Amino acid sequence: MFKLLDHPLITHKLTHMRKKETGTKDFRENLDEIAELMAYEVCRDLPVKPVEIETPVAPCTGYELSKEVVIVPILRAGIGLLDGIRRLVPTAKVGFIGMYRDEETLIPHEYFAKFPKNLEDAIVMVVDPMLATGGSAVDAISAVKSRGAKQIKLVCLVGAPEGVKAVTEAHPDVDVYLAALDDHLNEHGYIVPGLGDAGDRIFGTK
């Protein structure tokens with residue numbers, strides 16, 4: 001499933017992020033806020049189980065999440081989405097996967113991976129602000145699958161049609177969520193109009 005989260009607050013904040021004059025602080029804060037807004041929709045279908053509780057007035061049946069949530073940022077830019085989602089799901093565990101893209105071939109390579117146990121029983125959210133060629137996302141999803149994950153969601157801020165196509169063809173069982181679907185990739189593999197290099201803009205490295 002592919003879902004575009006077209007919400008006025010998300011669009012408003014994303015517009016500020018896209019502006020080339022937006023500084024690191026505002027870029028990071030808007031990304032954090034968008035992540036929290038997206039998480040509300042991404043978590044809509046999380047499974048729950050009934051629990052018997054006592055309110056100050058009477059007993060009643062409530063509902064709690066029945067599966068653990070594991071958030072897996074693709075390093076380094078994926079860290080920018082982490083806190084916003086964890087505010088909504090504070091019990092979530094966190095794994096990390098490091099991918100870098102060869103600037104000439106655009107092929108991603110894994111350089112680091114660390115995950116919580118029991119991924120096979122969890123809802124795993126792989127997160128990265130940009131879905132460009134889709135190579136990093138496809139490989140990151142393959143990596144969590146190889147560790148046993150079965151229920152996976154890919155959560156990205158901005159994507160290109162090429163990236164969506166690559167992920168949905170390679171992993172048709174994975175739900176893909178975007179805040180914006182942009183026009184295309186340029187000759188350097190960057191999303192157009194996009195918002196530049198998300199990692200550099202989050203951490204102020206350029």
Side-chain angles (χ1 to χ4, degrees), residues 1-7 9-10 13 31-75 77-99 110 112-129 131 134 136-157 159 163-164 166-181:
M1 178 192 76
F2 166 64
K3 187 159 188 180
L4 184 64
L5 304 182
D6 186 17
H7 188 283
L9 287 176
I10 291 176
K13 294 174 186 298
L31 176 59
D32 184 61
E33 291 166 1
I34 291 174
E36 188 169 4
L37 290 168
M38 291 184 71
Y40 183 83
E41 187 63 32
V42 172
C43 293
R44 181 176 292 276
D45 62 351
L46 293 185
V48 294
K49 61 183 178 183
V51 292
E52 299 304 317
I53 63 169
E54 292 269 353
T55 79
V57 179
C60 76
T61 301
Y63 295 87
E64 295 179 342
L65 295 179
S66 62
K67 285 183 175 288
E68 284 191 339
V69 174
V70 176
I71 308 167
V72 180
I74 300 177
L75 300 176
I79 293 174
L81 293 162
L82 181 58
D83 288 345
I85 299 174
R86 289 191 85 188
R87 270 198 301 276
L88 211 62
V89 193
T91 57
K93 294 181 178 178
V94 181
F96 294 94
I97 184 161
M99 313 284 295
E110 178 184 317
F112 179 80
K114 181 75 173 178
F115 303 104
K117 295 179 180 178
N118 302 319
L119 288 185
E120 63 272 14
D121 298 320
I123 308 294
V124 179
M125 297 182 188
V126 176
V127 301
D128 195 6
L131 179 59
S136 294
V138 167
D139 283 7
I141 292 167
S142 295
V144 297
K145 282 184 174 180
S146 72
R147 272 83 170 184
K150 295 179 175 63
Q151 300 178 75
I152 304 167
K153 298 171 181 283
L154 176 66
V155 183
C156 301
L157 186 68
V164 173
V167 172
T168 54
E169 287 183 353
H171 299 288
D173 55 329
V174 172
D175 294 333
V176 179
Y177 297 84
L178 289 181
L181 181 62

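Here the structure is a predicted model, which is why all the values come from computation and not from measurement. We use all heavy atoms of the structure for the numbers below, so side chains are in, but hydrogens, waters and symmetry mates are not. Along the sequence shown, residues carry numbers from 1.
- Taken from CG in L154 to CG in L178, the straight-line distance is 7.5 Å, to the nearest 0.5 Å.
- Taken from OG in S136 to CG in L75, the straight-line distance is 11.0 Å, to the nearest 0.5 Å.
- By the side chain to side chain contact (heavy atoms under 4.5 Å, CB included) test, E33 pairs with K13, N30, sequence neighbours left out.
- When the side chain to side chain contact (heavy atoms under 4.5 Å, CB included) test is applied to P50, the partners found at least two apart in sequence or on another chain are T61, Y63.
- Contact annotation: the side chain of L119 never approaches that of V72 to less than 4.5 Å [non-hydrogen atoms, C-beta and beyond].
- Every residue two or more places apart in sequence or in another chain was checked for a salt bridge (Lys or Arg N to Asp or Glu O under 4.0 Å) with K117, and none qualifies.
- Taking every heavy atom of both residues into account, K67 and D121 meet most closely at NZ-O, 3.6 Å.
- Considering CD1 of I97 and OG of S142, their distance stands at 9.0 Å, rounded to 0.5 Å.
- Residue pairs satisfying the salt bridge (Lys or Arg N to Asp or Glu O under 4.0 Å) criterion with at least one member in residues 42-55, sequence neighbours excluded, are listed as follows: E41-R44, D45-K153.
- For residues 80-97, the set of pairs meeting the side chain to side chain donor-acceptor pair (under 3.5 Å) definition, not counting sequence neighbours, comprises D32-R87, E36-R87, E68-K93.
- Within the 4.5 Å cutoff, side-chain heavy atoms of V138 are placed close to those of H171.
- Annotation for V164 and T168: closest pair O-OG1, 2.8 Å, computed over non-hydrogen atoms.
- Counting heavy atoms from C-beta outward, P116 and V94 have side chains that stay 4.5 Å or more apart.
- Here the closest non-hydrogen pair linking I71 and A92 is CD1-CB, 3.8 Å.
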*Show your working on side chain to side chain contact (heavy atoms under 4.5 Å, CB included) between V127 and L82 and close with a plain yes or no.*
CA-CA 8 Å; V127 301; L82 181 58; 5.8 Å; no
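- The line from CD1 of I152 to NZ of K145 is 5.5 Å long, rounded to the nearest 0.5 Å.
- To the nearest 0.5 Å, the span separating CG on D175 from CE on M125 amounts to 10.5 Å.
- Minimum heavy-atom separation, V70 to A122: CG2-CB, 3.8 Å.
- One finds the CD1 atom of I79 at 6.0 Å from the CZ atom of F96 (value rounded to the nearest 0.5 Å).
- Contact annotation: the side chain of P73 never approaches that of L81 to less than 4.5 Å [non-hydrogen atoms, C-beta and beyond].
- The minimum heavy-atom distance between P129 and L31, with the atom names listed, is CG-CD2, 4.4 Å.
- With contacts defined as side-chain heavy-atom distances shorter than 4.5 Å, the pair V126/D128 does not qualify.
- Residues satisfying the salt bridge (Lys or Arg N to Asp or Glu O under 4.0 Å) test with E169, not counting sequence neighbours, are K165.
- M38 approaches Y177 most closely through the heavy-atom pair CE-O, 4.1 Å.
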